[in-house]
Number of protein chains: 4
Amino acid sequence: MARSTTSDDGGTGTAAGTGSGGASGGASGGGPSAAVPERLLAEATRLFAERGYDRTSVQEIVEAAGVTKGALYHYFGSKDDLLHEIYARVLRLQTERLDTIAARHEVAVPERLAEAAADVVVTSIQNLDDTKIFFRSMHQLSPEKQKAVRAERRRYHERFRSLVEEGQRDGHFRPGLRPDLVVDFFFGSVHHLGTWYHADGPLSAEQVATEFSDLLLHSVRQP
Amino acid sequence: MARSTTSDDGGTGTAAGTGSGGASGGASGGGPSAAVPERLLAEATRLFAERGYDRTSVQEIVEAAGVTKGALYHYFGSKDDLLHEIYARVLRLQTERLDTIAARHEVAVPERLAEAAADVVVTSIQNLDDTKIFFRSMHQLSPEKQKAVRAERRRYHERFRSLVEEGQRDGHFRPGLRPDLVVDFFFGSVHHLGTWYHADGPLSAEQVATEFSDLLLHSVRQP
Amino acid sequence: MARSTTSDDGGTGTAAGTGSGGASGGASGGGPSAAVPERLLAEATRLFAERGYDRTSVQEIVEAAGVTKGALYHYFGSKDDLLHEIYARVLRLQTERLDTIAARHEVAVPERLAEAAADVVVTSIQNLDDTKIFFRSMHQLSPEKQKAVRAERRRYHERFRSLVEEGQRDGHFRPGLRPDLVVDFFFGSVHHLGTWYHADGPLSAEQVATEFSDLLLHSVRQP
Amino acid sequence: MARSTTSDDGGTGTAAGTGSGGASGGASGGGPSAAVPERLLAEATRLFAERGYDRTSVQEIVEAAGVTKGALYHYFGSKDDLLHEIYARVLRLQTERLDTIAARHEVAVPERLAEAAADVVVTSIQNLDDTKIFFRSMHQLSPEKQKAVRAERRRYHERFRSLVEEGQRDGHFRPGLRPDLVVDFFFGSVHHLGTWYHADGPLSAEQVATEFSDLLLHSVRQP
DNA sequence: AATGAATGAGTATTCATTCAT
DNA sequence: GATGAATGAATACTCATTCAT
């Protein structure tokens with residue numbers, strides 16, 4: 001059984017091992033020739049972002065992916081599982097990137113914070129569908145999956161907060177600030193990108209990233 | 001007919017005519033003795049915030065309000081209408097407050113911006129249910145109501161943006177900033193209060209307001 | 001009480017006596033200044049013909065008539081009552097006209113039959129809404145009202161059948177025909193006028209009446 | 001998906017694929033062992049004829065057919081779809097029969113018209129439920145389905161009318177008659193069979209057919 | 001690995017009617 | 001004579017999920 005209803009395998013398990021060598025296998029991403037689980041995740045992401053989790057029916061997902069319900073339930077234990085997988089994927093990506101940036105101890109804290117902030121803006125815009133889903137659909141996950149996602153999210157925020165705290169200890173950032181509030185302040189802005197940013201608008205992801213990063217840095221920096 | 005399906009009466013219409021002085025009338029808020037439309041709105045707000053719009057059934061709302069479905073549909077054209085009414089109410093409130101603050105031309109712009117920022121944080125926390133609903137459920141409104149709410153929201157953002165622009169002209173705020181991005185940056189933070197703030201947590205509304213306002217001001221101020 | 005829920009007063013009772021001397025009274029027909037019961041009947045007739053009895057709500061009727069539900073229930077015991085009144089009205093009219101024509105014993109039977117046939121076609125077209133309602137909505141009447149209408153209808157058919165029988169006895173009409181079948185044959189055609197006749201089509205009521213009457217006469221006449 | 005909401009496949013599609021030879025498949029008609037779509041159609045036909053389309057609930061249909069609502073909606077897109085399917089079935093049958101009869105060019109027109117007339121009476125009586133539904137429920141179809149049925153019906157009438165016109169050209173029928181009116185005259189009679197004919201009455205289908213056909217022929221024939 | 005028929009509990013909404021005023 | 005708020009039962013339709021094949 002490939003089902004992952006209650007699995008805690010970090011989220012890669014469901015799709016792993018399918019299709020290699022098969023006629024349809026191999027491609028990553030959601031193109032028509034991609035493996036079935038990837039295609040399902042890609043279409044689900046698109047549809048959840050477009051009309052919301054509750055308003056997207058399993059039927060619509062499988063039709064968009066060109067498979068049948070049976071196939072979906074072969075790979076995913078439930079609709080909820082699909083959503084959880086989407087969250088896991090984005091959290092994994094962001095955590096990895098933040099860890100890489102934060103670990104560059106040779107770079108001064110303000111530069112690392114600026115880079116981390118800009119990076120999360122860019123990846124949030126690059127995965128705007130995930131960003132939209134993230135803040136809208138958390139409460140539609142089952143309680144235990146919600147708990148798991150919140151825990152992962154908390155760890156991510158803690159790493160970010162550590163950077164702020166490190167900057168305060170080094171005298172770069174204003175000591176009176178509450179680092180947790182700073183993090184909530186900034187990630188509110190990031191999560192809301194999904195409500196107003198449009199790829200075909202006047203601003204590139206990098207422009208937004210630069211400005212958001214700049215605003216954050218000015219807001220915390222020791223004048 | 002008291003229905004307000006397409007009314008643009010500013011939202012007070014639904015409750016009008018229920019009679020001050022009547023046995024059931026008069027009270028505002030959602031207590032058990034309040035008028036039926038108010039009770040429905042109060043319970044709907046609570047439930048939408050608690051479990052989301054799509055996951056709240058009309059049945060649950062009327063049970064919580066102690067009336068029947070027929071009564072709900074006597075006052076509101078649809079479930080969607082209820083949600084729209086909630087949005088209209090909070091937008092009206094925030095717009096009024098911002099207008100009052102922004103109009104105090106005898107006060108310098110940074111002080112007015114700081115006050116406006118702190119004020120919207122406090123009222124967002126005081127109406128935390130509305131805040132939660134706002135950013136989660138916008139896309140569950142019917143397209144035309146969504147358009148109406150977005151338009152109203154845009155007007156609100158524009159007023160806020162004018163303050164930033166005024167500050168730039170006066171030389172208080174950094175000229176290189178894009179005022180629209182500043183507004184999106186800050187209101188992301190505000191709208192996300194609903195995802196992390198808890199009334200029984202360690203922070204008062206005023207503490208958050210002061211810190212968010214401070215972060216905003218530092219982020220834009222001419223150093 | 002003016003209600004006529006179970007009355008057998010021949011159908012005139014409900015509206016009689018209202019409004020004489022009142023500001024709104026006097027006019028017959030359904031114009032905006034007509035008395036309330038007439039206006040209700042007129043709008044109900046129009047709406048029942050347009051969208052069917054079950055698909056017309058009491059709310060729609062009272063809105064079209066410019067009154068409230070309370071007013072409707074003041075004059076009519078039920079929605080069903082309204083429909084019954086419409087049937088009674090058209091049956092009364094047709095019966096009266098047939099009686100008048102059939103009683104002209106100085107005229108030969110074929111001429112009387114031809115005139116009766118043409119007349120019922122003309123009045124059916126002049127009251128096309130009633131004609132549409134008649135054959136579509138009979139089964140939506142309450143069982144007892146349905147019985148009453150059927151009985152009245154049967155009496156009407158019997159009078160018509162008598163003409164055919166009289167013609168057979170006089171040697172004008174073919175003796176082998178079953179008069180009841182002739183009547184059903186012809187009234188099928190008449191009742192179906194509502195499904196195809198349009199006032200703005202190429203045929204006048206009189207043209208249809210002449211041709212239908214001619215077809216009937218040729219179908220029964222002794223060659 | 002077996003749904004046929006908008007299908008124009010001539011109406012057989014809904015039942016396709018249920019498998020001849022399967023444990024439940026094969027039987028036509030509405031017996032308890034028939035395939036699910038057939039059983040649903042059979043019970044719907046019976047109930048629509050008995051109490052009308054609007055007064056028959058989907059719940060009643062599925063209970064009568066011994067299945068669940070989900071099963072109905074698996075095969076039919078809507079209640080409206082069921083009705084449309086009933087119309088399509090009867091129209092197909094009648095069109096086929098008329099075509100066969102009208103195509104016998106070796107037979108003189110009056111004989112062919114008489115046979116066609118008698119045949120449509122017999123099949124209308126044999127499918128009396130369909131006949132009842134036909135004239136009562138047309139206006140309860142969705143506008144586009146109504147249009148489709150009317151178009152099909154028009155084609156049927158046109159074929160019948162062609163017979164009349166052919167007879168006029170051949171000198172068998174009176175030249176002054178409007179063939180379209182003759183057709184409306186006759187089919188009014190046919191459609192109304194449902195309102196008065198009873199299988200347990202004194203008349204056999206053939207007796208009615210013979211007399212109706214005779215009345216039609218006499219009404220149009222050159223004396 | 002995959003199908004698709006079938007389930008059954010759930011959804012928002014409608015509506016004729018009543019009744020205190 | 002007339003109002004309109006309120007009822008409560010009924011309505012068509014949806015959908016995540018299961019399971020025999």
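No experiment lies behind these values; they were computed from the predicted model shown. Every chain is numbered from 1, with letters handed out A, B, ... down the list of sequences.
Residue C:Gln140 holds its CD atom at 13.5 Å from CZ of D:Arg51, rounded to the nearest 0.5 Å. Once rounded to the nearest 0.5 Å, the distance linking NZ of C:Lys79 with CG of C:Leu82 reads 9.5 Å. We find the CG-CD distance between B:Leu40 and B:Glu85 to be 11.5 Å, quoted to the nearest 0.5 Å. To the nearest 0.5 Å, atom CG of residue A:Leu141 and atom OH of residue A:Tyr53 are 7.0 Å apart.
Rounded to whole Å, the distance from CG on C:Leu47 to P on E:dC15 is 13 Å. Rounded to whole Å, the distance from CG on A:Leu40 to C1' on E:dA2 is 12 Å. Atom CZ of A:Arg55 and atom C1' of F:dA16 are 17 Å apart (whole Å). Atoms CG (B:Asp54) and P (E:dG10) sit 17 Å apart, rounded to a whole Å. We find that CZ of B:Phe76 is positioned 15 Å from P of E:dA12, with the value rounded to whole Å. Atom-to-atom, CD of C:Gln59 to P of E:dT18 comes out at 16 Å; the value is rounded to the nearest Å. Rounding to whole angstrom units, CG of residue D:Asp80 and P of F:dT11 are separated by 17 Å. Taking atom CD on B:Glu60 and atom C1' on E:dA9, their separation rounds to 14 Å, with Å as the unit.
Under a cutoff of 6.0 Å and an axis angle of 45°, D:Lys145 and D:Tyr87 do not form a cation-pi pair.
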Give every donor-acceptor pair under 3.5 Å between a side-chain atom in residues 62-72 of chain D and any protein atom, sequence neighbours left out.
unit_1	atom_1	unit_2	atom_2	d
D:Glu63	OE2	D:Gln59	NE2	3.0
D:Lys69	NZ	D:Gln59	OE1	3.4

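The closest side-chain heavy-atom distance from D:Asp81 to D:Tyr75 is not below 4.5 Å.
Under a 4.0 Å N-O distance rule, the pair C:Glu50/C:Arg46 qualifies as a salt bridge.
In terms of position along DNA chain F, the nucleotide closest to D:Lys79 lies nearer the 5' end than the nucleotide closest to the other residue of the pair D:Lys79 and A:Thr56.
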Hey, what are the protein-to-nucleotides 7-10 of chain F N/O distances that come in under 3.5 Å?
unit_1	atom_1	unit_2	atom_2	d
F:dT7	OP2	B:Thr68	N	3.3
F:dT7	OP2	B:Thr68	OG1	2.6
F:dT7	O5'	B:Thr68	OG1	3.4

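Of the listed residues (D:Ser137, D:Ser78, D:Ser142), just one forms a side chain to side chain contact (heavy atoms under 4.5 Å, CB included) with D:Leu83, and that residue is D:Ser137.
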Problem set entry | Dot-bracket notation for DNA chain F, counting Watson-Crick and G-U pairs under 3.5 Å, with | for partners on another strand | .||||||||||||||||||||
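Residue B:Tyr75 places its side chain closer to F:dA5 than to any other of F:dA5, E:dT13, F:dC13. Checking F:dA5, E:dT17, E:dA12 against every side-chain atom of C:Tyr73, the shortest atom distance belongs to E:dT17.
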